[in-house]
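Side-chain atoms are counted along with the backbone in the values below, which use heavy atoms only and exclude waters and symmetry mates.
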Amino acid sequence: MKSPLRYQFSEYDCGPTTMLNAVSYLFEREEIPPEIIRNVMLYSLDCYSNKGEPGRAGTSRMAMMFLSNWLDGFGRATNLPLSSQYLSGKAVYIGQESLVNDALHRGGAVVVRLFYEVEHYALLTGVQADGIRMFDPWYVPEESREFEGTGIRLTLAAPKSYNRIVPFSCFNRESNEPYALGPVDDREAVLLFNKRTEKTAQDTIEYFI
């Protein structure tokens with residue numbers, strides 16, 4: 001059984017929430033071992049605020065890189081068919097030749113750092129002709145007018161996979177506008193796959209960008 005994806009509990013835990021959502025999206029609830037939940041929470045929320053308060057600046061890129069490597073190693077060492085790859089800088093963009101797009105077309109999930117007032121983690125789960133399917137762990141009521149005029153659509157109709165449909169044009173911007181990936185040198189993403197359900201390049205026939 002797949003569980004609905006979770007919203008963050010605070011203003012700081014978008015990183016661990018999104019990483020756990022990626023695992024939940026890819027695997028049945030019964031398949032997910034407690035070691036993953038424990039270690040994601042253990043190694044995230046590692047940034048200190050400018051007042052020296054632990055966790056109040058969220059999760060660092062270093063922690064996300066470590067978690068990506070740990071999850072990939074865990075998948076290779078156990079029976080869980082999980083693989084993970086960390087991307088940074090120029091490799092992180094939305095486009096026809098993008099590894100991000102390729103992962104989505106092949107049934108993967110992508111944890112990505114982007115802007116939503118501040119730097120923020122969200123989960124990409126699919127790509128269609130009208131935009132990227134995203135689950136943002138920051139809860140916004142469906143009737144909210146927050147994204148009016150942006151082309152971003154809110155939906156609560158697919159709680160196990162996405163709650164936003166985001167136009168392709170939002171992502172590659174280097175500004176701090178909603179869901180922009182920001183300056184190229186600062187970008188990061190984690191590609192995750194369930195190797196049992198991962199499609200090959202030959203299985204993906206059509207790209208929309």
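With hydrogens and angles ignored, the 3.5 Å screen pairs no side-chain donor or acceptor of R133 with any backbone N or O of S161. A donor-acceptor pair under 3.5 Å is formed between the side chain of T59 and the backbone N or O of L45. When atom types are taken as modelled, the side chain of R56 and the backbone of E53 share no donor-acceptor pair closer than 3.5 angstrom. Counting only distance, with no hydrogens or angles, the side chain of S68 and the backbone of V190 share no donor-acceptor pair below 3.5 Å. Side-chain atoms of N21 never come within 3.5 Å of backbone atoms of L5 as a donor-acceptor pair (strictly under, hydrogens ignored). Of the possible donor and acceptor atoms, one in the side chain of R61 sits under 3.5 Å from a partner among the backbone N and O of D186. A donor-acceptor contact shorter than 3.5 Å is absent between the side chain of D13 and the backbone of Q8. Not one N or O on the side chain of S144 forms a donor-acceptor pair closer than 3.5 Å with the backbone of V140. Side-chain atoms of R113 do not come within 3.5 Å of backbone N or O of A122 as any donor-acceptor pair. Remark: the backbone N or O of Q96 is not paired with any side-chain donor or acceptor of N101 at under 3.5 angstrom.
The distance from the CG atom of L26 to the CZ atom of R196 is 10.5 Å, given to the nearest 0.5 Å. A distance of 10.0 Å separates OG1 of T18 from CZ of R6, quoted to the nearest 0.5 Å. Note that the CG atom of N79 and the CD atom of E31 stand 11.0 Å from one another [nearest 0.5 Å]. The line from CG of L20 to CD1 of I36 is 8.5 Å long, rounded to the nearest 0.5 Å. Atom CE of M1 sits about 5.0 Å away from atom CZ of R29, to the nearest 0.5 Å. Rounded to the nearest 0.5 angstrom, S88 OG and M65 CE are separated by 6.0 Å.
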>> Using side-chain contact (heavy atoms from CB on, under 4.5 Å), reason through L99 and L87 one step at a time and then give a plain yes or no.
In response: CA-CA 9 Å; L99 292 173; L87 302 179; 3.8 Å; yes
>> With side chain to side chain donor-acceptor pair (under 3.5 Å) as the criterion, how do S60 and D46 come out once you've worked through the C-alpha distance, each side chain's angles and the decisive distance to 0.1 Å?
In response: CA-CA 6 Å; S60 71; D46 59 318; 2.6 Å; yes
> For R153 and D130, what are the C-alpha separation, side-chain angles and deciding distance, and is it a salt bridge (Lys or Arg N to Asp or Glu O under 4.0 Å)?
Replying inline: CA-CA 11 Å; R153 284 179 282 161; D130 59 345; 2.7 Å; yes
>> Using the rule given for side-chain contact (heavy atoms from CB on, under 4.5 Å), can you reason through V92 versus K90, listing the C-alpha separation, both sets of side-chain angles and the distance that settles it, and then say yes or no?
In response: CA-CA 5 Å; V92 182; K90 294 179 181 179; over 6 Å; no
>> Pair F168, V127 - check side-chain contact (heavy atoms from CB on, under 4.5 Å), show working.
In response: CA-CA 9 Å; F168 302 116; V127 56; 3.6 Å; yes
>> Applying salt bridge (Lys or Arg N to Asp or Glu O under 4.0 Å) to R145 and E148, what does each step give before you reach the verdict?
In response: CA-CA 5 Å; R145 301 179 67 179; E148 196 169 68; 3.0 Å; yes
> Where do F115 and E119 land on the side-chain contact (heavy atoms from CB on, under 4.5 Å) test, with the steps shown first?
Replying inline: CA-CA 5 Å; F115 278 93; E119 288 187 310; 3.8 Å; yes
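In summary, the side chains of Y86 and E188 do present a donor paired with an acceptor at a separation below 3.5 Å, with no hydrogens or angles considered.
G15 and M64 get closest at one heavy-atom pair: O-CE, 3.5 Å. Across C170 and I152, no two heavy atoms sit closer than the pair SG-CG1, 4.1 Å. The shortest heavy-atom contact between P137 and H120 is CD-NE2, 4.0 Å. Here the closest non-hydrogen pair linking K2 and E28 is N-OE1, 3.3 Å. Nearest heavy-atom pair, D72 versus S84, reported as atom, atom and distance to 0.1 Å: OD1-N, 3.0 Å. The two residues P16 and M41 have their closest heavy-atom pair at CB-SD, 3.6 Å.
Residue L104 is tested with T125, V110, I94, L191 for a side-chain contact (heavy atoms from CB on, under 4.5 Å); the sole match is V110. Applying the ring pair (Phe, Tyr, Trp, His ring centres under 6.0 Å) test between F135 and each of Y7, Y162, Y121 identifies Y7 as the sole match.
Side chains of P33 and T78 form no contact here, defined as non-hydrogen atoms less than 4.5 Å apart. At a threshold of 4.5 Å between non-hydrogen side-chain atoms, the residues R106 and T200 do not count as touching. Inter-residue side-chain proximity for L123 and M134 is flagged as unmet; no heavy-atom pair is nearer than 4.5 Å.
Connection of L114 to F147 is established within a shared hydrophobic cluster, with ILVMFWY side chains joined at heavy-atom distances below 4.5 Å, either directly or through further cluster members. Both L71 and F27 sit in one connected hydrophobic cluster of ILVMFWY residues. Membership requires side-chain heavy atoms under 4.5 Å apart, directly or through other members. Two different hydrophobic clusters hold F193 and M19 under the rule that ILVMFWY side chains link at heavy-atom gaps under 4.5 Å. A single hydrophobic cluster is seen to contain both F171 and V100, as judged by linkage of ILVMFWY side chains at heavy-atom distances under 4.5 Å, directly or through other members. A single hydrophobic cluster is seen to contain both V111 and L82, as judged by linkage of ILVMFWY side chains at heavy-atom distances under 4.5 Å, directly or through other members.
Taking a 6.0 Å sphere around CD of E142, one finds it holds more than 12 heavy atoms contributed by other residues, nucleotides or ligands. The environment of CD in E11 is sparse: at most 12 heavy-atom neighbours from other residues, nucleotides or ligands sit within 6.0 Å.
Taking the six-membered ring where the residue is Trp, the centroids of Y179 and Y116 are separated by under 6.0 Å. Ring centroid separation for the pair W70 and F74 comes in under the 6.0 Å cut-off.
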